[in-house]
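Quick note: numbers below take in every heavy atom, side chains included, and nothing from hydrogens, waters or symmetry partners.
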Amino acid sequence: SEVQLYWEGRVRNMLKDNLAAVLVELGGFGLSLSKISLELGRTRTYLNTILSGYNTNPSEEFYDYFEARFNVSPEYLRT
């Protein structure tokens, strides 16, 4: 999947790599980038900018969403 491309062979970069790891896991449950973006109320491009490392400071709503929906700690995503 496209998310795995971000994850495999990349130099570790906290937020983007941790997000990619979470998305790979969620992909096993049939959750795509598009579905997550829709639930988050953002465009798919928003998540792609985080995965590419361009956006290193996502909104608090981003962290709140992953914590509430998937029980993913904001601290995990950031570190």
[atom2] on [Y] to [atom1] on [X], rounded to 0.5 Å:
X   : Y   : atom1 : atom2 : result
T45 : N55 : OG1   : CG    : 11.5 Å
L19 : L51 : CG    : CG    : 4.5 Å
S73 : N18 : OG    : CG    : 10.0 Å
F70 : L23 : CZ    : CG    : 8.5 Å
I36 : R69 : CD1   : CZ    : 8.0 Å

Contacts of E61 meeting salt bridge (Lys or Arg N to Asp or Glu O under 4.0 Å) (sequence neighbours excluded), chain-then-number -> none

For residues 70-79, pull every pair meeting salt bridge (charged side-chain N to carboxylate O under 4.0 Å, His left out), keeping only residues two or more places apart or in separate chains. E60-R78

Can you pull out every side-chain hydrogen bond (donor to acceptor under 3.5 Å, both in side chains) where at least one residue sits in residues 27-38? Sequence neighbours excluded, please. S34-R44

Measure the shortest side-chain to side-chain distance between P58 and L15 over non-hydrogen atoms and say whether it is less than 4.5 angstrom. yes

Residue pair F62 / Y46, side-chain heavy-atom distance below 4.5 Å: yes

Verify side-chain contact (heavy atoms from CB on, under 4.5 Å) between Y54 and N48, making sure each step is shown before the conclusion. CA-CA 9 Å; Y54 182 77; N48 281 330; over 6 Å; no

Which heavy atom in S52 sits nearest to a heavy atom in K16, and how many Å separate them? O-NZ, 3.8 Å

